[in-house]
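Throughout, a chain's letter reflects where its sequence line sits, starting with A, and its residues are numbered from 1.
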Amino acid sequence: MDIELMLKKAVLNAVGKLYKQTPDEKLIQIQKTRKDFDGDFTLVVFPLLRVSKKPPEQTANELGEYLKDNIEQISEFNVIKGFLNLSIDKIFWISYLNTVVQDDNYGFIKNKENPKTILIEYSSPNTNKPLHLGHIRNNLLGYSVAKIIESQGDKVYKVNLVNDRGIHICKSMLAWQKWGEINSYLNWIPINNLDSNYRSYLNKNNYPKEYVQFCKEIEKYCTKIISGYKTGNVRSKLGGNEYRSELKIIFKKIRNRGNSCEQLKYIIDNVDQFINKSTFKDLLRKRIKRQRKKVESLEVIKELLNTNITPDRIKRKGDHLVGDFYVKFDQEYKKEIEELVSKGQTEEDAKKNAPLILKAQEMLRKWEAKDPEIISLWKEMNHWVLEGFDITYKNLGVDFDKTYFESKTYKLGKKLVEEGLKERVLIKKEDGSVWVDLTKEGLDQKILLRSDGTSVYMTQDLGTAHQRFTDYNADEAIYVVGNEQNYHFQVLKIILGKLGFSWSEYLHHLSYGMVELPEGKMKSREGTVVDADNLLNEMTLTAEEMSRELGKLEGYSDSEEKQIIETIGLGALKYFILKVDPKKTMTFDPKESIDFNGNTGPFIQYTFARIQSIIRKANDKGMKLPIELNSKIKISNKELQLIKLIYSYPEVLKEAANDYSPAQIANYIYDLAKEFNQFYHDHPILGEDDKSISEFRLHLSKQLGEIIKSGMGLLRINVPDRM
RNA sequence: GGUCUCGUAGCUCAGUUGGAUAGAGCAAUAGCCUUCUAAGCUAUGGGUCGCAGGUUCGAAUCCUGCCGGGAUCACCA
């Protein structure tokens with residue numbers, strides 16, 4: 001039963017009876033009474049004055065009297081200025097709570113009539129660099145909105161469109177070809193810039209297996225020889241003391257390099273020197289025949305060091321490795337531009353003429369011509385990146401029903417354009433390029449096919465939109481894409497409309513604001529990006545530190561500990577991002593923004609854990625929840641307030657689904673948790689003597705816990721039973 | 001320059017189908033752990049809702065102009 005609807009009808013009825021005139025339904029404004037006034041629902045009477053033709057206070061009083069006398073659930077009313085505050089009988093609220101407790105999917109809509117099929121695209125990464133903070137917002141939003149819409153009974157398909165082709169990936173490929181030898185890579189990659197995983201990995205001496213083997217071999221041979229000299233087993237004619245001292249020097253050099261990381265670099269840098277030393281080689285070859293194979297294996301290792309790096313060899317996440325090369329490309333490209341400028345070219349020309357960019361463009365052409373060598377490199381590098389993304393997605397807790405690749409879809413849309421030309425919706429210019437004229441819509445002209453007949457981004461998006469709607473027979477499609485593309489989607493929608501697709505009006509752009517750092521925008525070229533994997537890691541570390549400090553991790557096994565800190569760290573991050581209205585630009589301060597007190601994820605998780613603790617204790621006591629609550633008990637204002645909050649949950653979900661706004665759920669849950677903590681503070685639950693009241697409070701708490709879990713679940717945030 | 005968008009407490013954000021005295025958290029200060037988890041609770045201070053007009057019973061919310069920040073306006077994606 002919807003009490004608000006009932007009230008509305010009652011008021012309509014009352015006005016008709018009292019003033020002999022039925023007002024427009026829109027004039028009946030029922031809203032929840034504000035906290036600082038008595039009452040549950042408020043009727044704003046100002047709009048009704050036209051009908052009543054009496055002053056506001058009098059009108060309100062007359063209506064109040066009538067409603068109190070005629071509506072069973074209305075127990076009290078009061079009038080302040082032009083506001084009629086109505087109080088609903090507490091018996092109603094208690095019985096409402098009763099029905100809610102018995103509903104396992106409270107707030108969710110099941111078996112909706114005519115459910116819609118809705119596609120939601122999010123993430124849409126480029127395969128040339130790892131995911132960053134902006135992607136985190138995108139992914140969390142996309143996943144959460146999908147869940148929220150699903151909760152309202154519609155069928156949702158989550159879709160990812162991976163941008164795996166284009167000049168950007170060629171840049172990484174080219175840099176890999178040029179500076180990808182392991183030797184070279186380890187030389188230019190700034191060790192300090194490597195992520196913490198990699199650093200700790202090096203410090204643990206877990207070198208790539210080839211290096212480990214290499215170092216071991218060298219060391220083994222050398223000690224063997226040296227000890228041979230010492231014990232006199234090696235005859236002097238085989239080498240003499242000169243070898244011995246030489247080997248000693250090599251060892252000393254290696255060992256003087258400080259940490260293992262630098263030792264490794266030193267060995268790699270000087271591998272030629274070691275292996276080519278005739279002394280060393282000859283010694284191994286001639287004098288220790290049995291070791292012949294090992295000498296050869298040294299050659300193999302040398303070979304390996306001169307081959308190109310892969311994620312496997314260095315144990316670096318593939319997306320990060322490819323990202324390294326993207327950055328490297330940019331650095332070298334910049335150098336070339338500077339050089340050309342110093343030789344007298346304008347910057348603009350230099351950007352076009354730099355050899356590197358020309359090569360990258362050539363590579364793209366080869367790719368389009370399906371050059372086998374390029375294609376296989378492209379496949380390999382994309383594979384690395386996608387493997388890396390999968391890990392990040394898994395850590396974030398997001399997934400997809402289907403992944404589209406631009407390499408397969410980029411040619412789509414041409415047909416649509418051709419048809420558009422036939423229909424004379426589009427125009428062909430003299431040079432053969434195809435445009436759409438949007439000047440009537442207050443926009444510019446937009447190109448759809450280049451003069452050489454190839455498609456642009458827009459063409460492809462037209463095609464994928466069409467394909468998706470047909471693939472899924474969808475009713476709506478939502479694109480979770482940053483607000484920098486507002487113009488693009490505006491145009492996309494108009495063009496699809498012009499091409500005659502009626503579904504174009506059901507294409508929504510969920511445009512979210514950028515995530516900025518305190519210093520301003522994130523810029524990958526300037527290194528001011530917050531890497532997604534790093535951030536997730538650091539959140540967990542902070543959570544661990546915090547929990548230890550508070551002594552919350554005592555008495556847990558390692559795996560329980562790990563689970564708790566991950567839940568908390570991730571919860572803090574996800575909540576922080578999702579509580580902000582999607583469309584707003586948000587600021588993220590890595591050091592200060594992430595808090596565990598106040599309006600945060602951990603605060604809510606903590607509240608949930610508290611409730612679970614009470615329930616555990618109740619079970620221990622053998623307390624059972626009654627099927628039917630005693631509706632005659634007295635309940636406090638705080639308790640009433642909590643029931644009213646529970647009452648509004650379904651409405652919050654509905655609004656959040658309509659507005660694509662997880663933030664509304666986040667803020668609601670925060671409210672709920674805050675109110676609960678206040679209630680908890682001064683209402684004993686298990687310690688209450690009156691059994692009916694104790695049962696009621698336990699009931700109430702349990703239900704609040706359920707809603708916290710359910711709401712947080714829609715934000716993809718887990719809640720721990722204890723913390 | 002055109003178009004779009006945002007501007008609320010020192011900071012991060014709620015609040016906008018027009019409704020009562022504009023709310024939280026962080027930071028600051030002062031309190032509360034022999035009782036269900038103190039990642040909690042209570043209290044204090046902190047505001048020209050960017051500015052100026054307009055619409056009306058009533059404007060942070062709607063309209064216009066201005067100021068300030070951001071995005072976008074490629075035969076890039």
Side-chain angles (χ1 to χ4, degrees), chain A residues 26 29 31 33-37 42 44-47 49 56 80-83 85 124 126 163 165-168 406 410 429 431-435 442-444 446-458 460-461 482-488 490-491 511 513-514 516 518 520-521 543 546-547 549-550 552 568 572 576 579-581 583-589 592-593 595-607 609-618 621 663-664 666-668 670-671 673-674 676-678 680-688 697-698 701 722-723:
Chain A
K26 278 177 195 157
Q29 289 181 30
Q31 47 198 241
T33 304
R34 290 181 55 151
K35 256 193 231 169
D36 11 288
F37 298 94
T42 297
V44 185
V45 296
F46 291 107
L49 299 184
I80 297 165
K81 294 184 191 169
F83 298 92
N85 298 323
S124 328
N126 287 354
N163 184 358
R165 60 144 239 134
I167 193 81
H168 55 271
E406 285 204 8
Y410 80 106
K429 292 204 173 172
D431 61 1
S433 56
V434 179
W435 298 72
L443 305 167
D444 297 326
K446 180 91 195 167
I447 190 158
L448 294 180
L449 284 182
R450 294 190 186 102
S451 48
D452 62 6
T454 56
S455 43
V456 293
Y457 182 46
M458 182 61 78
Q460 171 206 255
D461 250 12
N483 61 14
E484 61 210 346
Q485 295 202 33
N486 283 353
Y487 182 76
H488 173 80
Q490 197 188 350
V491 173
S511 155
M514 299 287 103
E516 290 183 357
K521 270 202 77 176
M546 213 58 189
S547 303
E549 213 170 276
L550 291 168
K552 300 262 182 187
I568 297 171
F576 183 84
K579 77 173 174 185
V580 181
D581 184 336
K583 66 173 186 248
K584 285 200 176 175
T585 304
M586 65 178 288
T587 318
F588 181 89
D589 186 334
E592 287 166 37
S593 287
D595 214 321
F596 292 81
N597 305 316
N599 188 356
T600 66
F603 168 84
I604 295 167
Q605 290 172 324
Y606 175 71
T607 308
R610 259 184 163 177
I611 293 172
Q612 301 318 301
S613 167
I614 295 169
I615 293 174
R616 279 193 299 273
K617 288 216 160 73
K621 274 179 134 186
Q664 289 176 19
N667 286 305
Y668 165 82
Y670 170 65
D671 250 6
K674 194 172 163 48
F676 172 80
N677 278 316
Q678 287 167 5
Y680 176 88
H681 187 256
D682 36 40
H683 293 71
I685 297 167
L686 302 177
E688 169 61 43
R697 288 181 181 162
L698 185 60
S701 305
R722 52 187 98 206
M723 68 185 270

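Comparing the C1' positions of B:rC33 and B:rA60 gives a spacing of 41 Å, expressed to the nearest Å. Remark: the separation of the P atoms in B:rG7 and B:rA39 is 35 Å, to the nearest Å. For the C1' atoms, the distance linking B:rU8 with B:rC49 amounts to 4 Å, nearest Å.
Side-chain proximity of A:K584 to the nucleotides B:rC26, B:rA39, B:rU8 is greatest for B:rU8. Looking at the side chain of A:T587, the nearest of the listed nucleotides B:rU12, B:rA39, B:rG40 is B:rU12. Across B:rC36, B:rU72, B:rU12, the shortest atom-to-atom separation from the side chain of A:I685 is found for B:rC36. Here the nucleotide nearest the side chain of A:N486, chosen from B:rC26, B:rU12, B:rC4, is B:rC4. For A:N597, the listed nucleotide lying nearest its side chain is B:rA39; candidates were B:rU37, B:rA39, B:rA77.
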### Query
What one-letter contact string describes nucleotides 18-24 of chain B from 5' to 3', where B marks a base within less than 4.0 Å of any protein heavy atom, S marks contact via sugar-phosphate atoms alone, and - marks no contact?
-BBS-SS
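Regarding A:K579, its NZ atom lies at a distance of 15 Å from the C1' atom of B:rG15, rounded to whole Å. Following rounding to the nearest Å, A:E516 (CD) and B:rU12 (C1') show an atom-to-atom distance of 14 Å.
Below the 3.5 angstrom threshold, one finds no donor paired with an acceptor across the side chain of A:K583 and the base of B:rU5.
Geometric assessment of A:K429 against the ring of A:W435 yields a positive cation-pi assignment under the 6.0 Å and 45° thresholds.
Base orientation at B:rC67 is anti, since its O4'-C1' glycosidic dihedral falls outside 90° of 0.
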### Query
Which string of ( ) [ ] | and . matches RNA chain B, if you list each base 5' to 3' and count Watson-Crick or G-U pairs only when both distances are under 3.5 Å?
(((((((..((((.....[...)))).(((((.......))))).....(((((..]....))))))))))))....
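The phosphate of B:rU37 has OP1 or OP2 within less than 4.0 Å of a side-chain N or O from A:S613. For the OP1/OP2 pair of B:rU37 and a distance below 4.0 Å, the side-chain nitrogens and oxygens of A:R616 include no atom meeting the criterion. Between A:K617 and B:rU37, a side-chain N or O to OP1/OP2 separation shorter than 4.0 Å is present. Between A:Y457 and B:rA77 there is no side-chain N or O to OP1 or OP2 distance below 4.0 Å. Dashed line: the shortest gap from a side-chain N or O of A:R697 to OP1 or OP2 of B:rC36 is not under 4.0 Å.
Side chain to side chain, A:N486 and A:S511 meet the donor-acceptor criterion of an N or O pair below 3.5 Å.
For A:Y410 and A:Y457, the ring centers sit 6.0 Å or farther from each other.
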